[in-house]
Structure formats: C-alpha cells, structure tokens
2 protein chains.
Amino acid sequence: MCHHCDYKSLLEQSGLGASENRLSVLEVIGNNSYPLSAGDIFKTVERHSAINRVTVYRILDVLVDHGIVDRISTGGRAFYYGLAPNSHHQPHSHFYCKHCGQMDCLNPESLSVDANLLKKTFPGRIDKVEVRVDGICKNCIK
Amino acid sequence: MCHHCDYKSLLEQSGLGASENRLSVLEVIGNNSYPLSAGDIFKTVERHSAINRVTVYRILDVLVDHGIVDRISTGGRAFYYGLAPNSHHQPHSHFYCKHCGQMDCLNPESLSVDANLLKKTFPGRIDKVEVRVDGICKNCIK
DNA sequence: AATTTTAATGCAAATTTTTTGCATTAAAAG
DNA sequence: CTTTTAATGCAAAAAATTTGCATTAAAATT
C-alpha cells in the first residue's frame with residue numbers, strides 16, 4: 001500500500017479524467033505490493049463496483065500509454081501490471097514463480113543492470129530495460 | 001546460421017530422438033540470427049515439409065524442457081524461441097521492437113547484469129535472469 | 001437550460017496464441 | 001512378428017486480449 005501516491009492527481013497530471021473506474025483500477029494496482037494480471041485486477045475491482053472486463057483492459061492500456069503503470073511480461077501467458085517508477089517508487093526488477101504464477105518485486109539493490117554502453121551504441125530507440133528473474137518461490141519450493 | 005552446432009547430436013545428447021520434425025524445428029531456430037515465434041517457426045518448417053502447428057508447440061516444449069532452446073518473453077503476446085546458451089553461444093539479452101515485433105539479439109558486452117547479491121540472498125530457486133530491452137528498432141524509427 | 005460534442009463504458013463477438021484429448025502412425029523393443 | 005512406447009495429427013477447447021458498435025455519462029457550446 002502506497003501512502004505517498006495520490007492516484008487522483010496522478011491521473012490528472014497526465015491529462016486523464018479521474019473516472020471512478022480508472023481510480024479503482026489504479027488503486028488496486030498501487031495498493032498491491034506486487035504486480036497483478038488484468039484478470040486479478042478485474043476480479044478485485046468487481047468485488048466493490050460493477051465494471052466490465054473490457055473496461056479494465058482499456059484502462060490498463062491508457063495507464064500504460066501515459067506511463068503511470070508498467071506492463072510487465074512474465075514467463076507465463078498474461079501480462080502483469082504494476083505502478084511505473086516515479087519519485088516514490090524506484091525502478092526495480094521482478095521475480096516470477098513458474099509454479100504459482102506470482103510475481104514479486106525485487107529489492108533494487110540486489111540486482112544491477114548497466115545499459116550505458118548499449119544506450120550509446122544502439123541504433124534504435126530504447127524505451128525500457130526489463131529484468132525478470134524466473135524460478136520457484138520459497139512457498140512453492142517446499 | 002550456426003556452423004558449430006550439430007543439431008542431431010544436440011538432441012541425442014539430451015536423450016531425445018532426432019525425428020525429422022524436431023530437427024527441422026531446431027534447425028530453423030538455430031539457423032536464424034534472432035528469436036522467432038512459434039508461428040514463425042511453423043510457417044518456415046511448413047514450407048519444406050508437412051507439419052502440424054500443434055507438433056511445433058509440442059516440440060518447442062520438449063526443447064525448452066531439455067534446455068536446448070530458450071523461451072523468451074516479448075513485450076507482445078507471443079513467446080519467442082532461440083537457441084539456449086551453450087559452449088558456442090554465450091548468454092545475451094534481447095531487443096524487442098514494439099512496432100514491428102521483431103526481436104534482436106544484443107551483444108553480450110553492451111549490457112551487463114550483476115545478480116550475485118540476489119543469488120546469495122533470495123529465499124527461492126532462481127532458474128534464469130532474463131533481460132529484455134524494449135523500444136523501436138532502427139527500421140521502424142524512420 | 002437545452003443541445004452538441006467528446007469521453008468512458010458495456011456487451012457480444014472475434015482474434016491470437018497456446019493447450020488438451022483422443023486417434024493414428026511410426027519407431028523401438030521384445 | 002508382435003507388443004510397447006514415442007511422435008504426430010486433427011479437432012476442439014481454453015486463456016488472454018482486442019475489436020466493433022451501441023449506450024451512457026460528462027464536458028463544452030449555444
């Protein structure tokens with residue numbers, strides 16, 4: 001749960017209307033300590049207010065397009081969504097458990113990437129460098 | 001195109017029968033300089049010999065399970081497949097162009113990851129660390 | 001305040017990618 | 001030559017996401 005983010009102004013700062021649904025989706029993502037799938041988000045929002053699955057997908061697209069939320073690819077089939085790095089959240093990588101499918105955020109200090117040389121020499125445009133660690137989480141390993 | 005890999009013995013060393021189809025799939029993957037989707041692989045193999053799409057998926061599963069091929073997640077919907085690192089191919093990361101969907105292999109020197117601290121402290125099992133760079137490739141940027 | 005325009009949402013259906021179940025063929029072992 | 005196992009094919013299902021079009025809600029304009 002994030003005490004620093006004001007989701008309403010996060011939306012407004014990006015020129016997005018802060019509709020009920022957008023706020024709900026963003027809150028579910030932001031208040032969770034690990035990334036969630038679109039399906040997870042849908043189920044969670046749906047518990048408290050009526051929303052359509054497609055609306056969730058569309059809101060996620062908008063949030064990702066505006067850089068508020070990050071779309072994170074797993075070693076599985078679905079994308080997961082988490083708050084994009086901002087002044088309160090530094091960039092970090094993720095762990096994906098191939099047994100239970102849960103993603104966890106990794107401590108930024110435990111893993112470092114140096115892409116400076118690439119950024120200097122790459123002939124295209126680089127938008128993001130995603131690091132994902134795959135394996136079996138401590139709960140599933142037993 | 002890889003001149004060093006003997007695909008037949010790669011299969012046999014893993015205790016896998018070197019069927020016509022398995023060889024075709026592995027050759028398509030190995031002779032390509034960048035990872036391909038299951039669909040790409042299917043279409044390519046199909047040009048020269050009759051094969052079913054499902055067979056391609058099953059062969060890919062077997063090859064991944066035996067560590068011959070790596071399943072690489074993209075910023076898009078489908079998985080891509082490339083030769084797993086071995087004595088002739090050192091581990092490297094990939095670039096994914098979100099416009100045309102092509103993946104490219106990045107020079108291992110241009111990007112370095114240090115996961116030592118994570119490996120020491122992580123309470124689960126770590127199988128692989130995948131680094132993917134997303135952006136727009138030089139062809140699509142024009 | 002009524003009307004027009006734009007933005008957000010819903011619903012049904014389609015698409016894409018991958019998986020499953022079961023039948024068939026081919027290869028290996030006995 | 002027969003039995004067993006491995007590999008493949010085909011049809012259908014499943015999962016995740018996307019599309020098209022209708023509807024409602026909000027914002028802007030008259």
Side-chain angles (χ1 to χ4, degrees), chain A residues 7-8 11-12 14-28 35-46 48-66 68-69 71-81 96 98 100-103, chain B residues 7-8 11-12 14-29 35-46 48-66 68-81 96 98-101 103:
Chain A
Y7 301 123
K8 192 153 179 289
L11 286 169
E12 283 161 358
S14 301
L16 292 174
S19 76
E20 181 85 11
N21 283 339
R22 284 187 182 155
L23 266 173
S24 302
V25 167
L26 188 51
E27 275 167 19
V28 168
L36 296 168
S37 70
D40 293 335
I41 296 164
F42 168 65
K43 274 184 254 157
T44 308
V45 172
E46 197 195 25
H48 299 289
S49 59
I51 191 171
N52 189 276
R53 185 176 237 107
V54 176
T55 303
V56 173
Y57 279 109
R58 275 194 283 236
I59 288 174
L60 289 171
D61 282 348
V62 170
L63 298 180
V64 169
D65 283 352
H66 285 76
I68 299 170
V69 159
R71 174 179 283 128
I72 302 159
S73 64
T74 71
R77 282 229 255 167
F79 290 116
Y80 280 41
Y81 297 86
Y96 177 74
K98 18 185 187 188
C100 66
Q102 176 152 327
M103 276 212 133
Chain B
Y7 301 121
K8 194 152 177 291
L11 287 169
E12 283 160 358
S14 300
L16 292 174
S19 78
E20 181 84 12
N21 282 340
R22 285 188 181 155
L23 266 173
S24 302
V25 167
L26 188 50
E27 275 167 20
V28 167
I29 294 173
L36 297 167
S37 70
D40 292 334
I41 296 165
F42 169 64
K43 275 185 250 153
T44 309
V45 172
E46 196 195 26
H48 299 291
S49 58
I51 191 171
N52 189 278
R53 186 176 236 109
V54 176
T55 303
V56 172
Y57 279 108
R58 274 194 285 236
I59 289 172
L60 289 171
D61 282 347
V62 170
L63 297 180
V64 169
D65 282 352
H66 284 77
I68 299 171
V69 159
D70 257 359
R71 174 179 285 129
I72 303 158
S73 64
T74 70
R77 280 229 257 168
F79 289 116
Y80 279 40
Y81 297 87
Y96 176 75
K98 23 186 183 184
H99 186 256
C100 66
M103 276 214 132

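Chain letters run A, B, ... following the sequence lines, proteins first and then strands; every chain starts at 1. Since we're looking at a predicted model, the values are computed, not measured.
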(request) Look at the side-chain N and O atoms of A/Asn52 and state whether any lies under 4.0 Å from the OP1 or OP2 oxygen of C/dT9. (result) no
(message) Can you measure A/Tyr80 atom OH to D/dA15 atom C1' for me and round it to whole angstrom units?
(response) 13 Å
(request) Please check if the side chain of B/Arg22 supplies one atom and the backbone of B/Gly17 the other of a donor-acceptor pair under 3.5 Å. (result) yes
(request) Start with the C-alpha gap between A/Ser24 and A/Ile51, add the side-chain angles, then the distance that decides, and say whether side chain to side chain contact (heavy atoms under 4.5 Å, CB included) holds. (result) CA-CA 10 Å; A/Ser24 302; A/Ile51 191 171; 5.8 Å; no
(request) To the nearest Å, give me how far apart CZ (B/Phe79) and P (C/dT18) are. (result) 7 Å
(message) Starting the side chain at C-beta, find the nucleotide from C/dG10, D/dT17, C/dT19 nearest to A/Ile51.
(response) C/dG10
(request) Report yes if at least one side-chain N or O of A/Ser19 is closer than 4.0 Å to OP1 or OP2 of C/dT9; otherwise report no. (result) yes
(request) Please work out which residues in residues 53-61 of chain A have a non-hydrogen atom less than 4.0 Å from an atom of DNA chain C and list them by number. (result) A/Val54, A/Thr55, A/Arg58, A/Ile59
(request) Calculate the interatomic distance between A/Leu16 atom CG and D/dA27 atom C1'; express it in whole Å. (result) 16 Å
(request) Take the protein atom CG of B/Leu11 and the nucleotide atom C1' of D/dA6, then report the distance between them rounded to whole Å. (result) 14 Å
(message) What is the distance, to the nearest angstrom, from the CZ atom on A/Arg77 to the C1' atom on D/dT17?
(response) 11 Å
(message) Heavy atoms only, 4.0 Å cut-off, all strands: where does B/Ala18 land among base, sugar-phosphate and nothing?
(response) nothing
(message) Donor-acceptor check, side chain of B/Asp70 to backbone of B/Ile72, threshold 3.5 angstrom: yes or no?
(response) no
(message) I want to check one thing: is the phosphate of D/dT8, taken as OP1 and OP2, less than 4.0 Å away from some side-chain N or O of B/Asn21?
(response) yes
(request) Keeping the roles fixed (side chain from B/Thr74, backbone from B/Gly76), state whether a donor-acceptor pair exists under 3.5 Å. (result) yes
